[in-house]
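Dropping the structure in here first, questions after.
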Amino acid sequence: MSEEKHHIVPYRVYVIVLMALIVLTFASIAITEIELGAYTVAGALLFAGIKSYLVLTYFMHLKYDKKYIVAMVAFVFAIFVVVLVITFLDYLYR
Amino acid sequence: MYSPEVTRASNFVQGVDTAFLVILGVSFFFLISLTVVMIYFIYKYNRKRHPVATQIHGSTKLEIIWTVVPFLLTMVMFYYGWAGWKPMKNAPKDAMEVTVYGRMWNFSFEYENGRRTDTLFLPKDQPVKLNLKALDVLHSLYIPAFRVKQDMVPGLEDNSMWFEPQKVGNYDLFCAEYCGLQHSYMYSTVKVMEAEAFNDWITDTTQVVLSAEMDTPANTGKRIMQNIGCFACHSIDGSKLVGPSYKGIWGAEHTVVTGRETRQVIVDEEYIKRSIYDPNADVVDGYMKGLMVSYEGQLSDDDIDNIIEYLKTLK
Amino acid sequence: MQNEHAANEANYLKYQGKYKGLFAWIFSTDHKRIGLLYLYSIMSMFFIGVLLGLAMKFELLAPGKTIMDAQTYNATFTVHGVIMIFMVVVPGLPAIFGNFLLPIMIGAKDVAFPKLNLLSWWLYMIGVFLVIAALLFGNGAPDTGWTFYAPYSFKTGTNLLPAIFGAFVLGFSSILTGLNFLVTIHRMRCPGLTWSKLPLFVWTLYGTAWIQLLATPVVGITLVLVALERFFGIGVFDPALGGDPILYQHLFWIYSHPAVYIMILPAMGAISEIIPTFSQKQIFGYKAIIASTMAIAFVGYLVWGHHMFTAGMSGTAQYYFSLLTFIVAIPSAIKVFNWISTMYKGAINVQTPLYWGASFIFVFMIGGLSGLVLGSLATDVHVHDTAFVVAHFHYIVFGGVGFAFFAAIHYWFPKIYGRMYQKSWANTGWLVFFIGFLALYSPMFYLGMAGMPRRYYDYLDEFHSGNILSTFGSWIMVTGLVIIVVNLVRSARKGKPAEMDPWHSKTLEWTVPSPPPLENFDDIPVIAEDDGPYNYK
Amino acid sequence: MEQNAHIEHDHYDAEASKIGMWLFIFTELLLFGGLFVVYSVYRYVNPDAFHLAAEELNTTIGAVNTILLLVSSMTIAMSTSTLQYKKKGATLALLAITTIIGIVFLVNKYFEWGVKFSHGIWPGSEHLLNDFSQGEILFFGLYFVMTGLHALHIIIGLVIILVAAYRIHKGTVNENRAALLENAGLYWHLVDLIWIFLFPLFYLLT
Ligand code: HEA
Ligand code: HEA
Ligand code: CUA
Ligand SMILES: [Cu+2]
């Protein structure tokens with residue numbers, strides 16, 4: 001059981017990421033104010049997606065982790081999306 | 001149900017049974033051949049006869065073969081299953097419509113002219129579309145001889161099934177989705193008649209009128225209750241089913257829960273009417289709210305008067 | 001260090017730690033003891049389930065009331081289903097044999113999180129007690145069927161909440177076991193034991209653990225929603241408030257279909273160990289079996305809708321689910337072909353585990369092939385919710401998992417207890433059981449095709465003869481079960497001492513003494529480049 | 001946490017703990033995933049009602065809470081760095097900030113729910129059942145379940161953080177054995193991650 005060498009993330013990175021997240025939050029509030037019809041949902045989800053990507057890579061250290069952990073995370077999100085899509089095969093075509 | 005007299009009882013039988021034959025054919029082929037091979041190996045390569053094993057790691061060629069061949073076979077089976085099922089999805093435009101109400105625990109069928117029965121009467125060679133309405137929980141309308149089944153889902157609009165009976169006769173109709181206590185007693189019969197006989201039957205109102213005239217109100221009440229299924233939940237001998245017994249109900253004092261408060265009521269006309277039209281307003285103490293659903297629109301005030309006359313006789 | 005060696009001399013059954021007696025077991029974090037704890041608790045629940053099953057068969061012996069009334073019958077099949085699924089076959093093989101063998105098979109001293117492992121067992125027990133409480137207290141045992149379909153599940157007056165909560169806790173236990181196994185397999189393989197050298201049983205545990213982890217939470221939240229619906233009326237599944245009962249079914253089966261693969265994968269893994277050992281031969285198509293394991297785990301996640309062909313789904317969804325259901329059958333077929341090919345040119349040693357293994361393949365084929373009838377749209381519309389489905393899943397769940405369980409217990413028994421059972425009795429038990437099994441469930445295929453719905457307390461006369469045969473079968477089978485269990489229980493105490501490797505197998509668990517010492521290995525083994533779990537000469 | 005009771009080996013394996021935590025996070029994601037499926041279906045079936053109901057929610061409180069969680073996520077992420085730099089005091093301070101922000105979030109939530117309650121809106125309330133459409137009933141049902149479950153996770157997260165802080169204070173969690181703190185961090189980020197989706201879905205799509 002060897003000691004894993006830790007990558008220590010500099011504070012600066014965290015602060016930048018936080019700024020980006022806050023900006024994105026306001027951006028998503030702004031975009032949903034505009035009347036975009038069906039695209040509002042897509043827009044909001046897009047921003048949420050980018051935000052969660054940032055949280056996952058920087059705050060949750062995925063960027064510095066072994067690749068197989070990243071693969072697992074991606075796999076789990078993929079499974080969820082697939083399940084959602086399949087469920088909608090029912091509702092979209094009812 | 002594979003006896004000759006019911007085969008081809010509906011237009012779907014052939015498609016479904018073909019799918020059965022294809023799938024069962026492939027299945028039996030694999031089941032028997034693989035079992036025979038396995039037993040043969042166990043016998044032939046028993047260590048008494050074959051003391052030293054030959055090490056074989058595998059064979060890519062074989063793996064490919066036994067991936068591809070089953071794949072193709074499953075696609076064939078899928079195709080037949082799909083082909084037999086496809087026509088069930090779309091009812092023809094000229095189909096005769098019957099509305100089916102499923103409730104705990106009986107079916108009732110309403111025809112286009114408003115007539116209601118607890119047995120499904122149908123003309124031969126005429127497509128029918130059953131509009132399915134569940135009033136309380138899930139039920140499922142299943143006619144094995146016709147190879148049709150569709151769940152009845154409360155709240156689901158445009159839920160229907162269709163078929164075309166092709167043989168005169170009586171067929172079982174079951175509730176196939178578990179729906180509580182009397183689920184296994186929620187069955188009925190489909191009577192398929194020649195078209196003329198059916199027409200005579202559906203236009204014939206004399207029976208109803210006659211019996212109504214001849215019977216006492218109490219007997220009429222009893223018949224109505226039988227038809228619409230009150231006795232599924234209420235006994236007349238004092239035993240407790242899902243709902244309270246009718247025995248001695250008239251004039252008795254009952255404890256009911258109205259909203260949050262508990263109070264005493266005397267069973268009178270008004271109370272009984274409310275119990276039938278709005279059963280969840282006063283819930284009898286010790287019984288579940290929400291099981292009995294309103295019969296408003298299905299029972300007229302006259303019907304209820306008859307029911308009350310009948311209830312009065314149950315001392 | 002000195003201590004440790006002293007500890008290592010005693011085997012895990014004898015070892016005395018901080019606690020004495022019963023506590024030495026229920027507070028032990030040793031994976032082998034936890035495995036046995038699971039064995040005993042699961043077997044106890046299993047016997048309750050069997051008794052309920054027998055009672056149902058007795059009731060169905062003749063139309064009308066035989067021994068119980070309708071309410072009791074409805075409660076009986078519900079509790080039978082809940083016990084058998086959530087408490088017996090889902091935890092069954094992973095929790096018993098996975099716990100016992102996984103660390104030894106990968107050359108480790110324990111699982112990654114031993115305390116968490118013990119916690120899983122405790123959670124399991126809590127779940128068990130909650131479900132039992134649902135039976136004994138309150139307004140009577142739940143009567144919804146193990147599927148808890150809305151809206152009946154929040155209309156019934158019976159005692160549903162403890163049962164739902166129990167199922168939730170059991171799910172949590174299952175998740176923790178899966179989590180533990182995944183980490184163990186990732187982190188604790190001994191040097192040289194690469195992924196492509198893992199025993200197949202370990203591979204199936206790996207696949208199973210993923211399903212446990214990713215599917216169980218969905219049913220967890222679904223059951224929570226049902227409970228909230230009952231408490232507050234939030235409306236999510238209540239048609240009166242705009243909810244959709246069909247959505248409930250989606251969520252339920254998103255878990256419960258993958259759950260059937262949680263049950264069967266470890267069973268397939270056990271068979272994949274037994275066949276090569278008794279053929280004294282390298283497993284045929286090692287990589288293909290692994291690939292099919294992962295394929296089942298993955299595709300199995302996407303086919304849940306085949307339980308809902310008549311529920312009122314859209315046609316597109318029906319089409320799609322049927323297609324994928326057929327696809328998921330292919331990896332199972334691949335496994336069957338590889339097992340049978342493994343026997344080709346082997347030096348087959350016909351022993352009790354092999355009887356069970358071979359009959360597993362047979363009943364699994366019947367169960368699986370009848371699954372194809374259910375997966376096909378036209379035929380499923382006819383046989384859905386009939387005795388045919390009941391026959392299918394008994395053939396595959398307990399034909400599959402049950403037979404694999406008995407194969408496994410007869411295979412690993414000498415390792416677990418360090419003693420050997422009476423082979424002649426074991427074989428007799430198998431034969432009686434097998435005959436009873438066929439007689440019990442085969443008639444149900446016929447009954448279902450003839451149109452007898454399931455969950456029927458009473459039936460029409462036309463279904464009588466099939467039911468009689470089936471009931472007789474249940475009596476034969478239970479006779480077999482009694483023989484098997486009595487033989488095993490006696491032998492665990494009094495049997496002849498077993499050798500280290502009675503079957504001449506090559507996996508790591510046979511390189512440690514029977515029963516294994518507390519820490520399994522004195523020194524962590526190292527697997528040589530050209531060695532492996534199926535390296536028969 | 002991961003030692004065997006009677007085997008006194010050093011079982012510390014940071015990577016094992018980390019994978020364990022990730023796997024646990026996966027189950028949490030799917031737990032909420034189930035709810036997101038329910039939400040999406042009902043949003044699709046009742047688009048107008050969901051729009052209407054979302055207007056009842058206070059976007060400002062939602063936005064404030066979002067920012068709070070984001071900041072707290074950063075503070076706890078930073079604390080893993082400070083621990084590596086062996087700055088125990090700073091680490092504890094950052095954790096304290098995180099905890100306080102978490103509590104403020106809960107207080108906000110408390111008031112937000114309180115306002116709804118005072119308007120007679122809670123699951124199964126008479127006002128809700130009588131005066132709202134079915135879609136709106138579903139919206140509020142899901143709103144209470146999902147934000148409630150989220151709040152429960154905040155509480156669990158806070159407990160884990162407090163345990164980690166205590167262990168740091170005692171020195172059993174330190175730069176060489178940081179797994180507990182990192183896992184507390186991962187869990188807290190999970191809570192944040194879920195909120196990132198809850199916020200637009202409930203508050204913004206009006
Ligand atoms: C261990 C559990 C287990 C397993 C492994 C399976 C495996 C399969 N199941 Fe089963 N199933 C259940 C447990 C299981 N099932 C349960 C409990 C229910 C009922 C739940 C309830 O309603 O209460 C159920 C219900 C069920 C239904 C719903 C029926 C209904 O309610 O209408 C369907 C429909 O498609 C189905 C299909 C299948 C298929 C296609 C497989 C396949 O994976 C089978 C694959 C195996 C083979 C195909 C056999 C081996 C291969 C060969 C011999 C080679 C030849 C093969 C080919 C040419 C393809 N199952
Ligand atoms: C593992 C699952 C399992 C098992 C073993 C059994 C065992 C039995 N079952 Fe089954 N049964 C179910 C799962 C199971 N059942 C489910 C899910 C339902 C549906 C419930 C519902 O509708 O909601 C059902 C429903 C069901 C019905 C249908 C009720 C109806 O629809 O009306 C009937 C009818 O007789 C029945 C009978 C029996 C009998 C007689 C036995 C037994 O008495 C047979 C005796 C068994 C053995 C002799 C040995 C088997 C050995 C093992 C399984 C190994 C154990 C493994 C470990 C300990 C790891 N069961
Ligand atoms: Cu109605 Cu079963
Ligand atoms: Cu399935």
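Chain identifiers are assigned alphabetically (A, B, ...) following the order of the sequence lines, protein sequences preceding nucleic acid strands; residue numbering begins at 1 within each chain. The structure presented is a predicted model; accordingly, all values stated were derived computationally and were not measured.
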(request) Select one option (side chain, backbone, both, neither) describing which atoms of B:Leu24 are under 4.5 Å from chain C's heavy atoms. (result)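 Looking at B:Leu24, just its side chain touches chain C.
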
(request) Measure the CD1-CG distance between C:Ile246 and B:Asn159 for me, rounded to the nearest 0.5 Å. (result)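 It comes to 7.0 Å.
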
(request) Give a yes or no on whether the ring-centroid distance for B:Tyr40 and C:Tyr344 is below 6.0 angstrom. (result)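 Ring-ring flag for B:Tyr40/C:Tyr344: false, centres at least 6.0 Å apart.
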
(request) Measure the CG-CD distance between C:Asp385 and B:Glu177 for me, rounded to the nearest 0.5 Å. (result)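 Reported value, rounded in 0.5 Å steps: 4.5 Å.
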
(message) Does any backbone or side-chain atom of C:Asn338 lie under 4.5 Å from a heavy atom of chain B? Answer side chain, backbone, both or neither.
(response)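 For C:Asn338, the contact with chain B is made by backbone and side chain together.
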
(request) May I ask you to decide if C:Gln282's main-chain N or O and B:Gln55's side chain share a donor-acceptor pair within less than 3.5 Å? (result)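 Judged by distance alone, yes, a pair lies under 3.5 Å.
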
(request) Taking all non-hydrogen atoms of both residues into account, name the closest pair between B:Met88 and C:Val381 and its distance. (result)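 Distance-wise, the nearest heavy atoms are SD-CG1, 4.2 Å.
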
(request) Search all heavy atoms of B:His50 against all heavy atoms of C:Lys345 and return the closest pair with its distance. (result)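 Reported closest heavy-atom pair: CE1-O, 3.3 Å.
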
(request) Starting at OH of B:Tyr178, measure out to OH of C:Tyr456 and round the result to the nearest 0.5 Å. (result)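 Between B:Tyr178 OH and C:Tyr456 OH, I get 12.0 Å after rounding to 0.5 Å.
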
(request) Could you grab the distance from atom CG of C:Asp69 to atom CG of B:Leu181, nearest 0.5 Å is fine? (result)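 Rounded to the nearest 0.5 Å, the CG-CG separation comes out at 8.0 Å.
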
(message) Restricting to non-hydrogen atoms, name the atom on B:Val16 and the atom on C:Thr379 that form the minimum distance, rounded to 0.1 Å.
(response)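 It is O-CG2, 3.9 Å.
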
(request) Check whether C:Val383 gets within reach of chain B through its side chain, its backbone, both or neither, counting any heavy atom under 4.5 Å. (result)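 Both the backbone and the side chain of C:Val383 come within 4.5 Å of chain B.
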
(message) For a 4.5 angstrom cut-off between non-hydrogen side-chain atoms, does B:Val153 reach C:Gln249?
(response)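 They are not in side-chain contact.
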
(request) Measure up the B:Trp66 and C:Phe337 rings against each other and bin them: parallel (under 30°), tilted (30 to 60°), perpendicular (over 60°). (result)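 Answer is parallel, since the angle falls under 30°.
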
